[in-house]
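The structure appears right after this line, and notes come after that.
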Amino acid sequence: LGSHRLIKRFTVEMTALRTGHKVLDLAGGTGDFSIKFSPIVGESGQVVLADINEAMLNVGRDRVIDKGLSKNIDFVQVNAEELPFSDNTFDCICIAYGLRNVTDKDAALASMQRVLKPGGRLIVLEFSKPTNDFIGKAYDVYSNLWPAAGQLITGDSDSYRYLVESIRMHPDQETLKRMMEAAGLEKCKYENVMSGICAIHLGFKPH
């Protein structure tokens, strides 16, 4: 029902990006957030669109070029657990719907903390755990239908089955908050969206 657009808008607002900032769009895939970040940071800023998947990165590059935004967007294939950037590089890191696919989340969070500038912020947008029992049960029933729907529409049930399983295995809101704190981030908090079906986590690198 278009809720994803509102969630993305809210996420962009939480980045607090300004002209001249340098932002890492991690697990950025098709470039949705990079395309939104580009005009905010302007020509004096920089957006780094990064993903471990080369095919997804190529899709993002094509979209960025088609929109004429390639002047301040770079493309890098990276592993989130071992980011190939210098310490204190980015004003902001945003990882949207990507952390749940990372094998060693603690290593990835520590790597993100390292490459943030002092005072820089990490934004994690991810599927999470519903806070309302009724909504949680309804969401379980709904998500169980995804593999069958994927098979019917795209002929691919495995990808949708993985999606459901990865969401269920992902840490809940409080656990992820503690993981961010353990990685060295401070003032960590989160905002639940749609009763916790999604959550947006925010943490800062100490000055």
Side-chain donor/acceptor of [X] to backbone N/O of [Y], under 3.5 Å:
X	Y	result
Glu191	Ala199	no
His201	Leu125	no
Thr30	Gly60	no
Glu126	Cys198	no
Glu81	Asp104	yes
Asp51	Gly29	yes

Could you measure the distance from the [atom1] atom of [X] to the [atom2] atom of [Y]? Nearest 0.5 Å is fine.
X	Y	atom1	atom2	answer
Cys188	Glu174	SG	CD	11.0 Å
Lys187	Lys189	NZ	NZ	10.0 Å
Arg178	Gln173	CZ	CD	11.0 Å

Name the orientation class of the two ring planes belonging to Phe90 and Phe85 (parallel below 30°, tilted from 30 to 60°, perpendicular beyond 60°). perpendicular

Measuring only between side-chain heavy atoms, which start at C-beta, is [X] closer than 4.5 Å to [Y]?
X	Y	answer
Leu176	Leu99	yes
Leu109	Leu122	yes
Ile65	Arg61	yes

Please find the pair of heavy atoms, one from [X] and one from [Y], that lie closest to each other, and give the distance.
X	Y	value
Ala27	Gly98	CB-CA, 3.9 Å
Asn72	Gly42	ND2-O, 2.9 Å
Val41	Gln46	CG2-N, 3.9 Å
Ser111	Leu83	OG-N, 3.0 Å
Ser34	Val47	OG-CG1, 3.5 Å
Ile123	Cys92	CG1-SG, 4.3 Å

Lys22 NZ: over 12 foreign heavy atoms closer than 6.0 Å: yes

Glu43 CD: over 12 foreign heavy atoms closer than 6.0 Å: no

Using ring pair (Phe, Tyr, Trp, His ring centres under 6.0 Å) as the criterion, list what pairs up with Phe204, not counting sequence neighbours. none

Could you tell me which residues satisfy ring pair (Phe, Tyr, Trp, His ring centres under 6.0 Å) with Phe75, sequence neighbours excluded, listed by chain and number? none

Following the transitive rule for hydrophobic clusters with a side-chain heavy-atom cut-off under 4.5 Å over Ile, Leu, Val, Met, Phe, Trp and Tyr, establish whether [X] and [Y] coincide in one cluster.
X	Y	answer
Met56	Leu24	no
Val115	Met179	yes
Leu116	Val102	yes
Val59	Ile35	no

Per the side-chain contact (heavy atoms from CB on, under 4.5 Å) rule, which among Leu57, Leu26, Ile52 passes with Val78? Leu26

Exercise answer: donor-acceptor pairs, residues 9-18 side-chain atoms, under 3.5 Å, sequence neighbours excluded:
from: Thr11; atom 1: OG1; to: Ile7; atom 2: O; distance (Å): 2.8
from: Thr15; atom 1: OG1; to: Val12; atom 2: O; distance (Å): 2.5

Set of residues satisfying salt bridge (charged side-chain N to carboxylate O under 4.0 Å, His left out) with respect to Lys117, sequence neighbours excluded: Asp91

Can you list the residues that meet the salt bridge (charged side-chain N to carboxylate O under 4.0 Å, His left out) rule with Asp32, with sequence neighbours excluded? Lys8, Arg63

Give me each pair satisfying ring pair (Phe, Tyr, Trp, His ring centres under 6.0 Å) with a member in residues 22-61, each pair once, sequence neighbours excluded. Phe33-Phe37

